[in-house]
Structure formats: C-alpha cells, structure tokens
Amino acid sequence: MKRCFIFAAGTFFGLRERPAPGDLVIAADAGYKACQQAGIVPDLLLGDFDSMDQPVFPNIRRSPVEKDDTDTMLAVKTALEEGCDAVYIYGGTGGKRLDHTLANLQTLLFLRRRSARGYLYDDDFVWTAIENESLTIEKTVEWGLFSAFCLGDRAEGIDETGFQYSLTDAVLTPEFPLGVSNHILEPTATITVRNGVLVVGWELPPLS
C-alpha cells in the first residue's frame, strides 16, 4: 500500500496520523496553510492559487483557474499517477464552500473506481465510498455515529450488521436519507452493498 496525504483549502480539523517516510504529501492551493499548521512540509504544492497568493516553495505545479478539475482532484490524480492506493484528504470539508464538500465526496468514488480508497476527514468523522463490496469498521467511540447515503441512482442488497439499526437486503435511494444517524454497537460493524454505490461515514474519537 502506498499512501498519499492531501491537504485541501477547507476547514482543517487536525491531523489523525502523521505522514511516514515514503508517503506522498500534496498541498492543494491554500491547503498549504494546513500543512504549515500541522508542521508538515509537502512534497508538492499545486493549484491555481485563487485562494491564496503563491508562496515561495521549491516544488510548485501551477494550473490555470479555468479548468475542469478542482485543485483537490488534481492532487488526487497526481496521487494515482504516483501509484498511491490509499488517499487521506484533510481540509476537504467545511469552510464556506458546500459545493467543494460535495465534489470531494464524489471524488471518493473516483478513487474507488481506480482501485484506490479515499478517506475524507471532517470534524471527528471520516467518509469513504464503497461499491459492490463490504466494509468492516472498528468501533472507536461508544455509541459512535454511522451514516450511509446512496451515491447514484439506487443501491441494492444492503446489509448492516453490528449497528443499532440493522438492515438485510435493503435498498437505499438518493431521494430519502434512510441511512442517516445509525450507531455502531459491536466491536466491529459491517456494511455491505451488493449492487450500487454508497458513501459511508463514521465517528472518530475527539482529538486530544
């Protein structure tokens, strides 16, 4: 597994795990400020620099403002080009831009369909995407929250075990949030979707 840590320009709620030697660290535009806050020097700083002035930095990849990719997506594509299959995104939620939060949730599926897994960190919460597969989650918070949303037209064959509200061969659609605000009860809980895509998120312990 090769890991990439991406720092975007949203709200930085703190670092869950520091990059280790050999990990790729990318700052996307003003995500560079989050790197500085965390005391991390990125390997690459990229973006169109519409949310901060371009700093003096030895490895910058500047992109045009008018483009199809967000700066975070450019960082994700770079991670994939470098062979990373686990991507941790900080600063990808919050801030003043709900549209970027939604874009980054979609980006989780972009990663999954390219044989990688992305993790999008929010305030004591983390999100990932699953498609036609199962995911087992360890309980790290007593009565920890868990939510699952359909990321597509329809998701079928959904099982949830180890939760307060279990599901068996259920269907989730994008028009009704049936999967919101469950709770993890067992030491491990498993979510399965047999046909379709879900974006799932679960509660993390507060940072000390």
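Starting from 1, each residue takes its place in the sequence as its number.
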Practice item. Flag the pair Tyr32 / Phe57 as yes when their ring centroid distance falls below 6.0 Å, and as no otherwise. Key: yes
Review point. For Arg62, what residues pass the side-chain hydrogen bond (donor to acceptor under 3.5 Å, both in side chains) criterion, not counting sequence neighbours?
Key: Gln54
Point to revise | By side chain to side chain contact (heavy atoms under 4.5 Å, CB included) - contacts of Ala8 (at least two apart) | key: Thr72
Check your understanding: Taking only residues two or more places apart in sequence, or in another chain, which ones meet Asp99 in a side-chain hydrogen bond (donor to acceptor under 3.5 Å, both in side chains)?
Key -> Arg97
Review point. Any side-chain heavy atom of Gln37 within less than 4.5 Å of one from Phe12?
Key: yes
Check your understanding: In chain order, what residues pass the side chain to side chain contact (heavy atoms under 4.5 Å, CB included) check against Ala170, with sequence neighbours excluded?
Key -> Ile158, Leu167
Review point. Given a cutoff of under 4.5 Å between side-chain heavy atoms of I, L, V, M, F, W and Y, with clusters grown through shared members, what are the other residues clustered with Val141?
Key: none
Review point. Which one of Tyr121, Phe13, Tyr88, Tyr90 satisfies the ring pair (Phe, Tyr, Trp, His ring centres under 6.0 Å) criterion with Phe7?
Key: Tyr90
**Study point:** Residue pairs, two or more places apart or on separate chains, that pass side chain to side chain donor-acceptor pair (under 3.5 Å) and touch residues 13-23
**Key:** Arg3-Glu17, Arg3-Asp23, Arg16-Asp124
Practice item. Please list, chain by chain and in numerical order, all residues satisfying side-chain hydrogen bond (donor to acceptor under 3.5 Å, both in side chains) with Asn182, sequence neighbours excluded. Key: Glu160
Exercise for review: Tell me, please, which residues at least two apart from Lys2 pass salt bridge (charged side-chain N to carboxylate O under 4.0 Å, His left out).
Suggested key: none
Practice item. Taking side-chain hydrogen bond (donor to acceptor under 3.5 Å, both in side chains) as the test, write out the residues that go with Ser134, two or more places apart. Key: Thr192
Exercise for review: Check side chain to side chain contact (heavy atoms under 4.5 Å, CB included) between Thr107 and all other residues, then give those that pass, not counting sequence neighbours.
Suggested key: Met73, Val76, Asn104
Review point. How does the hydrophobic cluster around Leu185 look, that is, which other residues are in it when side-chain heavy atoms under 4.5 Å mark a link?
Key: Trp143
Practice item. Report yes or no: is the cationic atom of Arg112 (NZ for Lys, CZ for Arg) closer than 6.0 Å to the six-membered ring centre of Phe110, at no more than 45° off its axis? Key: no
Point to revise | For Ser166, side chain to side chain contact (heavy atoms under 4.5 Å, CB included) partners two or more places apart | key: none
